[in-house]
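The structure appears right after this line, and notes come after that.
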Amino acid sequence: MKDTLILAIESSCDETAASVVKNGRTILSNVISSQIALHTLYGGVVPEIASRKHIEKINQVIEQALTEAGVTLDDLDAIGVTYGPGLVGALLVGVAEAKAIAYAKKLPLVGVHHIEGHVSANYIEHPDLEPPFLCLIVSGGHTHLVIVKDYGEFEILGRTHDDAAGEAFDKVARAIGLGYPGGPKVDKLSKEGNPNAIEFPRAKIEGCPYDFSFSGVKSAVLNYLNHSQMTGEEINRADIAASFQNAVVDVLVEHTMAAAKDFGMKKIAIAGGVASNGTLRDAMETACRKYGYSFFRPSPIFCTDNAAMIGVAAYYEYMKGTRSGWDLNAVPNLKLGER
């Protein structure tokens, strides 16, 4: 059987990325041009700057991905591209590039949902993983608990009612003076602190046992900081970071284990940028071992935004016969499960 080669493009936020994926599971190249240093100056991603940087970098990144994979555009079977959710200007750069290449080379175009891409990252290093399985998706903009019923087919069990987990990490990091990007900095600092030093709240949503809410714990951290400053108490940033992270991780793991038990799921995966958090990975692994579940997690490089995961998702869409038209557009607020 002939190999299927897909060039994937990802530009939903502040990483310009391209990858060549063979048969949905083998990564021939995975090139990422990060803008973190640029946006750190502003304390977060500036959409206009991100879009301009994507325009500057995208051709170079694609050329490098093709070179590293040892292929040319003529060897490809399809082009996969993230079309949402994300920053509209950033998405448009990738979508326009993908359409141009697909049109010029008469190749099928496959639009990919960014969050489905994150879930698909689990297939890269786990050749034995196939649906159905339970997946906790945790990123800067999303916190979902889903059953992956089939490739590209999801049943949403739980979602956040306010801040996503990654969003809460970023806001707390900013409050305690860590800056951007918040998640990795909180994770690093928390290793020096006591996770039980401060009792921050763990929210439960009445009638929605698998849903999440992180605005309360974020507000509790801000209130604790304000109170300490007003009373002149010494602030131990490491203890705050560790205690906050502990509260968030507890909720994520507890809800995931409850859903696995209630729905009889034996395979559990995590996905999204926050899935690279060391404390969350260790806690999930410990819980899965305790209850006898198989635990799957992508390497950190495949948790954060990358094009390899988009190529994997694009492959399974391509094999199902999914094709996008020349009217494919950026959809910044695309919901999980929407097409």
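FYI, side chains are in, hydrogens and waters are out, and symmetry mates aren't considered; it's all heavy atoms of this structure.
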(request) I would like to know whether Leu92 and Asn329 meet side chain to side chain contact (heavy atoms under 4.5 Å, CB included); could you show each step before the answer? (result) CA-CA 7 Å; Leu92 281 168; Asn329 204 353; 3.4 Å; yes
Please determine whether a side-chain nitrogen of the Lys or Arg among [X] and [Y] lies less than 4.0 Å from a carboxylate oxygen of the Asp or Glu.
X      : Y      : result
Lys171 : Asp163 : yes
Glu125 : Arg297 : no
Arg52  : Glu48  : yes
Lys204 : Glu254 : yes
Asp77  : Lys2   : yes
Glu338 : Lys335 : no
Glu317 : Arg339 : yes

Tell me the closest heavy-atom pair linking [X] and [Y], and the distance in Å.
X      : Y      : answer
Ala287 : Val253 : CB-CG1, 3.7 Å
Pro298 : Cys303 : O-SG, 3.5 Å
Pro181 : Asp170 : C-OD1, 4.2 Å
Asn194 : Ser243 : O-OG, 3.3 Å
Ala173 : Gly182 : CB-CA, 3.4 Å
Pro332 : Pro85  : O-CB, 3.1 Å

Hey, is the main chain of [Y] close enough, under 3.5 Å, to the side chain of [X] for a donor-acceptor pair?
X      : Y      : answer
Asp162 : Ser213 : no
Asn246 : Ala242 : no
Thr143 : Ala164 : no
His54  : Cys13  : yes
Ser19  : Ser29  : yes
Ser33  : Thr16  : no
Arg25  : His126 : yes
Asn277 : Leu280 : yes
Asn122 : Val119 : yes
Asn223 : Ser219 : yes

Verify the neighbour count for atom [atom1] of [X]: are there more than 12 heavy atoms of other residues, nucleotides or ligands below 6.0 Å?
X      : atom1 : result
Lys191 : NZ    : yes
Lys320 : NZ    : yes
Phe263 : CZ    : yes
Lys185 : NZ    : yes

Transitively linked via ILVMFWY side-chain contacts under 4.5 Å: [X] with [Y]?
X      : Y      : value
Val112 : Met309 : yes
Val20  : Ile124 : no
Tyr180 : Phe244 : no
Ile301 : Ile270 : no
Phe133 : Phe302 : yes

(request) Can you spot which of Leu5, Thr4, Ile6 makes a side-chain contact (heavy atoms from CB on, under 4.5 Å) with Leu76? (result) Leu5
Approximate separation, where rounding is to 0.5 Å, of [X] [atom1] and [Y] [atom2]:
X      : Y      : atom1 : atom2 : result
Tyr123 : Glu130 : OH    : CD    : 8.5 Å
Leu41  : Ile36  : CG    : CD1   : 12.5 Å
Gln229 : Ile235 : CD    : CD1   : 4.5 Å
Leu134 : Ser294 : CG    : OG    : 12.5 Å
Arg237 : Ser190 : CZ    : OG    : 12.5 Å
Lys99  : Ile79  : NZ    : CD1   : 14.0 Å

(request) Please step through side chain to side chain contact (heavy atoms under 4.5 Å, CB included) for the pair Asn306 and Glu10, ending with a clear verdict. (result) CA-CA 6 Å; Asn306 67 88; Glu10 154 63 28; over 6 Å; no
(request) For the pair Glu68 and Gln64, evaluate side chain to side chain donor-acceptor pair (under 3.5 Å) and give the outcome as yes or no after the intermediate values. (result) CA-CA 6 Å; Glu68 287 185 12; Gln64 189 180 338; 2.9 Å; yes
(request) Go through Asp3 and Asn23 one step at a time and tell me if the side chain to side chain donor-acceptor pair (under 3.5 Å) criterion holds. (result) CA-CA 6 Å; Asp3 289 332; Asn23 299 334; 2.9 Å; yes
(request) Assign the ring pair Tyr316 / Tyr151 to parallel, tilted or perpendicular, where the plane angle (0 to 90°) is split at 30° and 60°. (result) parallel
Is any side-chain heavy atom of [X] closer than 4.5 Å to a side-chain heavy atom of [Y]?
X      : Y      : answer
Val331 : Val88  : no
Gln245 : Asp187 : yes
Asp128 : Phe296 : yes
Arg323 : Leu109 : no
Val248 : Val217 : yes
Arg159 : Cys208 : no

(message) Can you tell me which residue among Tyr210, Phe214, Phe212 is in a ring-ring contact (aromatic ring centres under 6.0 Å, His included) with His255?
(response)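 Answer to the ring-ring contact (aromatic ring centres under 6.0 Å, His included) test with His255 among Tyr210, Phe214, Phe212: Phe212.
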(request) Verify side chain to side chain contact (heavy atoms under 4.5 Å, CB included) between Asp305 and His118, making sure each step is shown before the conclusion. (result) CA-CA 8 Å; Asp305 289 352; His118 275 302; 3.2 Å; yes
(request) Tell me yes or no: between the side chains of Asp14 and His39, is some donor less than 3.5 Å from an acceptor? (result) no
(request) Let me see the working for Leu38 and Ile49 under side chain to side chain contact (heavy atoms under 4.5 Å, CB included), right down to the final yes or no. (result) CA-CA 9 Å; Leu38 194 62; Ile49 293 173; 3.4 Å; yes
(request) Step by step, work out the salt bridge (charged side-chain N to carboxylate O under 4.0 Å, His left out) result for Arg202 and Glu199. (result) CA-CA 9 Å; Arg202 285 126 169 97; Glu199 187 63 32; 3.3 Å; yes
